Trainee: 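Pasting in a structure now, in structure tokens, and then I'll have a few things to ask.
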Amino acid sequence: MEATSPALSRIGLAGLAVMGQNLALNIAEKGFPISVYNRTASKVDETLDRAVAEGQLPLSGHYSPREFVLSIRRPRSVIILVKAGSPVDQTIAALSDHMEPGDCIIDGGNEWYENTERRIRQVAEKGLLYLGMGVSGGEDGARHGPSLMPGGSYEAYLNIEDVVKKVAAQVEDGPCVTYIGEGGSGNFVKMVHNGIEYGDMQLIAEAYDVLKTAGGLSNAELADIFDEWNRGELESFLVEITANIFKVKDEHGNGDLVDKILDKTGMKGTGKWTVQQAAELSVAAPTIASSLDCRYLSGLKEEREAAAEALKEAGMREDVGAVRSGIDKKRLIDDVRQALYASKICSYAQGMNLLRAKSVEKEWNLNLGELARIWKGGCIIRAVFLDRIKRAYLRNPNLASLIVDPEFAREMVQRQAAWRRVVGLAVSNGISTPGMCASLNYFDTYRRARLPANLIQAQRDLFGAHTYERIDGPGSFHTEWTKLAQKSNSGVAALN
Ligand code: 2AM
């Protein structure tokens with residue numbers, strides 16, 4: 001029997017929804033024999049069929065957790081791609097019964113980082129290692145090269161380094177994977193990646209809205225513009241797919257498909273976690289937060305329709321939000337491109353600062369430049385722009401904000417006039433641009449050496465004796481504001 005038993009697989013993957021199937025096929029295609037398993041057997045068969053159809057790939061299907069685990073070479077590395085939350089716990093329980101000390105479980109789902117930290121401790125009791133690995137790039141990325149963000153046991157990472165380096169997307173400066181750090185850092189980084197992705201999508205949607213609503217541009221023109229933008233500083237996956245979206249006709253009627261889509265955005269939760277974490281860590285992330293708020297407001301479709309009606313009855317002018325006559329389209333397009341780029345820099349500055357704050361809190365020692373590098377390919381936010389971020393952190397690993405990197409600072413200053421024109425036009429025309437406004441306000445607040453926070457401190461001290469500091473010397477002060485004000489009031493009254 002021994003002689004005929006099949007050779008052991010290099011790695012295993014459990015959870016064969018489309019992402020899992022695609023990642024397994026990708027691993028097999030890179031030359032690593034892989035074992036696969038799924039709770040429901042039909043998906044194992046489906047994956048086996050695909051492995052044959054997609055080039056006789058070295059993939060073996062298994063129908064029980066035990067048989068699956070025992071088919072993998074030790075120390076075993078098993079990737080699981082099941083729904084986040086309790087399905088992960090159930091899958092770990094099913095597999096870990098058959099695993100041995102030194103073996104490793106790698107959760108590739110969008111898991112809350114604290115769940116990963118709990119599981120690291122839990123499986124450690126059995127001597128098992130654990131990684132929480134962010135996987136970005138959607139179904140296509142999983143199949144042909146994702147961006148991978150593994151965090152947790154470094155020893156476990158070393159066991160799969162050869163595999164993930166081949167499976168990840170490849171860019172000119174290496175594969176889009178790196179060991180992120182300890183604990184739940186891989187999941188956390190993926191979460192912030194998704195928050196940044198929300199911001200990018202919101203900013204692109206606002207660019208579309210301004211060009212369409214104020215500029216009166218057609219979908220065909222928008223397709224051309226986004227294609228052109230994709231050949232310059234905005235070159236990115238999201239800009240590229242946006243151009244393509246504008247080219248698609250409605251198969252079930254007249255006109256373009258994009259115009260037929262209900263304006264209600266879905267979401268799965270990582271954007272919300274990002275904003276919650278920003279609040280927890282006292283890091284301002286207004287662009288990312290505004291993109292989340294916009295998704296919430298978009299969900300209130302019926303309320304928004306009723307609001308439009310109510311405000312019309314209240315006398316809201318019809319021409320608010322209408323195409324502006326006599327607009328210089330060419331200039332508007334150029335301005336919007338610059339506004340989009342400058343807004344994006346501020347959004348990434350927020351995301352990176354959130355990562356740094358968490359890294360300090362958790363002592364993860366995150367390498368921000370390296371994170372920008374592994375996002376250059378494979379993932380949804382992949383963009384030429386990320387190379388500039390990588391270089392900014394190479395120049396100065398302790399950069400306080402991307403905004404003050406000399407190159408980015410110059411770019412922001414060059415673009416600020418156009419940026420202000422776009423936001424001004426949108427505001428005066430009633431076209432909501434919460435992302436661009438949030439970015440511009442972030443920029444203006446951050447770059448101003450003096451803010452009106454002095455007044456807020458005075459108010460706090462007046463009603464709550466919270467004390468304040470002075471600009472002209474150290475110390476903590478409290479003033480009897482009301483008494484003094486009354487005195488000066490009576491003084492003024494006496495003068496009169
Ligand atoms: P299924 O095909 O048996 O439903 C995405 O839903 C993936 O997660 C699927 O592969 C699904 O398996 C798996 N999954 C969901 N809940 C699970 C659970 N409790 N245990 C094991 N796998 C689960």
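What you are looking at is a predicted structure, and each value in this text was computed from that prediction instead of being measured. When a residue number appears, it is its place in the shown sequence, counting from 1.
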Trainee: Taking the side chain as every heavy atom from C-beta outward, state whether His62 and Val69 have any pair of such atoms under 4.5 Å apart.
Mentor: no
Trainee: Should we say atom CD of Glu155 is surrounded by more than 12 heavy atoms from elsewhere, each under 6.0 Å from it?
Mentor: no
Trainee: I want to know whether Phe385 and Tyr348 have ring centres closer than 6.0 Å.
Mentor: yes
Trainee: For atom CD of Glu235, decide whether the heavy atoms of other residues, nucleotides or ligands shown that lie under 6.0 angstrom number more than 12.
Mentor: yes
Trainee: Would you say Tyr393 and Leu402 make side-chain contact, with heavy atoms under 4.5 Å?
Mentor: yes
Trainee: Judged by atom type as modelled, is there a donor-acceptor pair below 3.5 Å linking the side chain of Ser359 to the main-chain atoms of Leu355?
Mentor: no
Trainee: Could you tell me how the ring of Tyr442 sits relative to the ring of Tyr446: parallel (under 30°), tilted (30 to 60°) or perpendicular (over 60°)?
Mentor: parallel
Trainee: With a 3.5 Å cut-off and no angle check, do the side chains of His98 and Ser96 form a donor-acceptor pair?
Mentor: no
Trainee: Begin from the C-alpha positions of Ser298 and Lys264 and carry the test side-chain hydrogen bond (donor to acceptor under 3.5 Å, both in side chains) through to its verdict.
Mentor: CA-CA 5 Å; Ser298 82; Lys264 248 175 139 169; over 6 Å; no
Trainee: Would you find a donor on one side and an acceptor on the other, under 3.5 Å apart, between the side chain of Tyr198 and the backbone of Thr274?
Mentor: no
Trainee: Is the gap between the ring centers of Tyr341 and Trp419 under 6.0 Å?
Mentor: no
Trainee: Side chains of Asn159 and Ser77: is there a donor and an acceptor less than 3.5 Å apart?
Mentor: no
Trainee: How close do Ile403 and Ala349 get, counting heavy atoms only, and between which atoms?
Mentor: CG1-CB, 4.3 Å
Trainee: So, do Val78 and Leu13 sit near enough that their side-chain heavy atoms are less than 4.5 Å apart?
Mentor: no
Trainee: Assign the ring pair His193 / Trp375 to parallel, tilted or perpendicular, where the plane angle (0 to 90°) is split at 30° and 60°.
Mentor: perpendicular
Trainee: Looking at Ser64 and Glu67, would you say the former's side chain and the latter's main chain have a donor-acceptor pair under 3.5 Å?
Mentor: yes
Trainee: So do the side chains of Glu46 and Leu16 get within less than 4.5 Å of each other, counting heavy atoms only?
Mentor: no
Trainee: How close do Lys83 and Pro87 get, counting heavy atoms only, and between which atoms?
Mentor: O-CB, 3.3 Å
Trainee: Please confirm whether the backbone N or O of Met436 pairs with a side-chain atom of Glu206, one donor and one acceptor, at under 3.5 Å?
Mentor: yes
Trainee: With distance as the sole criterion, is a donor-acceptor pair present between the side chains of Lys268 and Asn110 under 3.5 Å?
Mentor: no
Trainee: Counting the benzene-type ring for Trp, do Tyr63 and Phe68 have ring centres under 6.0 Å apart?
Mentor: no
Trainee: Tell me whether Glu139 contacts the main-chain N or O of Val18 through its side chain, where contact means a donor paired with an acceptor under 3.5 Å.
Mentor: no
Trainee: Would you say Asn22 and Arg50 are linked by a side-chain donor-acceptor pair, where the criterion is simply a distance under 3.5 Å?
Mentor: yes
Trainee: Are the side chain of Arg118 and the backbone of Glu114 linked by a donor-acceptor contact shorter than 3.5 Å?
Mentor: no
Trainee: Going by atom types alone, do Lys362 and Tyr113 pair a side-chain donor with an acceptor below 3.5 Å?
Mentor: no
Trainee: Strictly by modelled atom types, are Gln277 and Lys358 linked by a side-chain donor-acceptor pair under 3.5 Å?
Mentor: yes
Trainee: Determine whether the side chains of Gln122 and Arg119 contain a donor N or O and an acceptor N or O closer than 3.5 Å.
Mentor: no
Trainee: Got a sec: does the CZ of Arg66 have more than 12 other heavy atoms crowding it under 6.0 Å?
Mentor: no
Trainee: Where the side chain of Ser147 meets the backbone of Ile374, is there a donor-acceptor pair that is under 3.5 Å apart?
Mentor: yes
Trainee: Please indicate whether Glu469 has more than 12 foreign heavy atoms, meaning atoms of other residues, nucleotides or ligands, lying under 6.0 Å from its CD.
Mentor: no
Trainee: Between the side chain of Ser153 and the main-chain N/O of Ala156, is any donor-acceptor distance below 3.5 Å?
Mentor: yes
Trainee: Are the side chains of Met191 and Trp112 in contact, using a 4.5 Å heavy-atom criterion?
Mentor: yes
Trainee: Within the side chain of Arg382, is there an N or O that forms a donor-acceptor pair under 3.5 Å with the backbone of Gly378?
Mentor: yes
Trainee: Could you give me the CA-CA distance, side-chain angles and deciding distance for Thr467 and Asp461, then say whether side-chain hydrogen bond (donor to acceptor under 3.5 Å, both in side chains) is met?
Mentor: CA-CA 5 Å; Thr467 74; Asp461 189 52; 5.5 Å; no
Trainee: May I ask you to test the Ile180-Pro150 pair for a side-chain heavy-atom distance under 4.5 Å?
Mentor: yes
Trainee: Counting heavy atoms not belonging to Glu302, are there more than 12 under 6.0 Å from its CD?
Mentor: no
Trainee: For Thr287 and Ser347, test the side chains for any donor-to-acceptor distance below 3.5 angstrom and give the result as yes or no.
Mentor: no
Trainee: Going by distance alone, is a donor N or O of one side chain under 3.5 Å from an acceptor N or O of the other, for Ser9 and Ser71?
Mentor: no
Trainee: Check for a donor-acceptor pair, side chain of Asn26 on one end and backbone N or O of Ala142 on the other, with a separation under 3.5 Å.
Mentor: yes
